[in-house]
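First the structure, in the form of structure tokens, and then the observations on it.
Start at 1 and go down the list; that is how both ligands and their atoms are numbered. Bear in mind that the values here come from a model prediction, so they are computed numbers and not experimental data. Residue numbers count from 1 along this sequence.
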Amino acid sequence: MLHKVAVITSGGDSPGMNAAIRAIVKAANYHDIEVYGVEGGYQGLIEDKLSIIRTPDVETIANKGGTILKTSRSLAFMDDSGRKQAVEVLRNYGIADVIVIGGEGSLQGAQKLHELGIRVIGIPGTIDNDLDYTDYSIGFDTTLNTVLSSIGRIKDTGLSHNKTTIVEVMGRHCGDLALFTAVAGEGDIISTPELKLSFEQICEKLQDKISKGRNDNIIVVTERMYDLDELQRFIEEEMNIEVRTTVLGFIQRGGEPSAFDRILANKMGVKAVNMLMEGQSGYAIGIKANQLIEKDLRTMLDEKTDKQPNYDLLDMLLHTI
Ligand SMILES: Nc1ncnc2c1ncn2[C@@H]1O[C@H](COP(=O)(O)OP(=O)(O)OP(=O)(O)O)[C@@H](O)[C@H]1O
Ligand SMILES: O=P(O)(O)OC[C@H]1O[C@](O)(CO)[C@@H](O)[C@@H]1O
Ligand SMILES: [Mg+2]
């Protein structure tokens, strides 16, 4: 019988994490299961930062960005000794069941806990959408909407001044944010890790747009791909135009979660509790073709951790912009 469960948010915060926490607490409490919130990700677990959270504590958090539990990137948890300490802390509370909400790194950590005998279910929570086993991770949709509305504002200035703008979006090594931005109709030229353009190729595409009368182009690039100062200078000199650069940065990670993320978080949170009640462990919950799926964590991590390029979307893009 499941009596106690701990919930952890880990890695970068993502909008919708709170909605997932709310769903977990409400579903667990409904079944008389006590929920311990771990403050500050795996680091907080090692440091014994656990406290009980109850339904009244979470009733009003579904619309809040970030995570009420706080999060971290824990170096100590990367070591055997840190993880053993974390397991020791859980045992002291009599907790054998944990739900981890986070990205790929956090799910690797979840698998390690499973290997140490803790029952674990992972929920994908990352704005990067870089997990190949699931179509969407919690937070991606909200961030995409933030990117779209930010570009809309930049476009007003670009149009008014006939200026080209480079916009850098997050995503770590995954181009989904840039890719979906372009498919949603913003961004005239995109370059992602899966479809990387050289400086020269960007200029060629720009020349094509300019020759067709567009002087207000937006170039969307995934972070970590270019030295943006160098790219801006290259375009300015090559094309003899003025270029501006905007790095959207942490604007993208916060804010009120979209309805899509809140609903996804709710479904996944409830499912995680149900799976633990059935004694399941070592799985990540995902969504494929609009259906919730259970993916064995070990298989998921072995198969491939990088998101595979979304060829359907890439193909559609290549033929439309
Ligand atoms: N191989 C691993 N073994 C054990 N723990 C890990 C491993 N990889 C990552 N972790 C733990 O998970 C934490 C979060 O991982 P990471 O920084 O990669 O973020 P993430 O979960 O991928 O989320 P995001 O990419 O959205 O920020 C790490 O700081 C570390 O504590
Ligand atoms: O918050 P930090 O540690 O600077 O990490 C930034 C990274 O986190 C993310 O926002 C989420 O993984 C990435 O898109 C970005 O590369
Ligand atoms: Mg990650």
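- Across the listed options Met170, Gln252, His173, Arg253, Arg253 owns the non-hydrogen atom lying nearest to atom 8 (O) of ligand 2.
- Of the N or O atoms in Gly103, one or more lie within a sub-3.5 Å distance of an N or O in ligand 1.
- Atom CD1 of Ile251 sits in a sparse spot, with 12 or fewer heavy atoms from other residues, nucleotides or ligands closer than 6.0 Å.
- Using cut-offs of 30° and 60° on the angle between ring planes, the pair Tyr226 and Phe199 is tilted.
- Distances below 4.0 Å separate heavy atoms of Ile127 from the following atoms of ligand 2: 10 (O).
- Ligand 1 has a nitrogen or oxygen under 3.5 angstrom from a nitrogen or oxygen of Arg73.
- Residue contacts with ligand 2: Glu223 is placed with a nitrogen or oxygen under 3.5 Å of a nitrogen or oxygen of the ligand (distance criterion only).
- The closest approach between any non-hydrogen atom of Gly171 and ligand 2 is below 4.0 Å.
- Between Arg233 and Asp229 there is no salt bridge, since no side-chain nitrogen of the basic residue lies less than 4.0 Å from a carboxylate oxygen of the acidic one.
- Short contacts between ligand 2 and Arg224, defined as distances under 4.0 Å to a heavy atom of the residue, involve ligand atoms 7 (C), 15 (C), 16 (O).
- The shortest N or O to N or O distance between Ser106 and ligand 1 is below 3.5 Å.
- Within ligand 2, counting atoms from 1 as listed, the ones closer than 4.0 Å to a heavy atom of Arg172 are 7 (C), 8 (O), 12 (O), 14 (O).
- Nearest to atom 28 (C) of ligand 1 by heavy atom, out of Gly171, Gly105, Ser74, Gly102, is Ser74.
- The pair Asp57-Arg54 does not count as a salt bridge, with every side-chain nitrogen at least 4.0 angstrom from each carboxylate oxygen.
- For a threshold of 3.5 Å applied to N or O pairs, the pair formed by Glu104 and ligand 1 contains at least one separation below that value.
- Among Met78, Gln43, Gln108, the residue whose heavy atom lies closest to atom 6 (C) of ligand 1 is Met78.
- Proximity to Phe250 (heavy-atom distance under 4.0 Å) selects the following atoms of ligand 2: 1 (O), 4 (O).
- The existence of a salt bridge linking Arg253 and Asp13 is confirmed by a sub-4.0 Å separation between a basic side-chain nitrogen and an acidic carboxylate oxygen.
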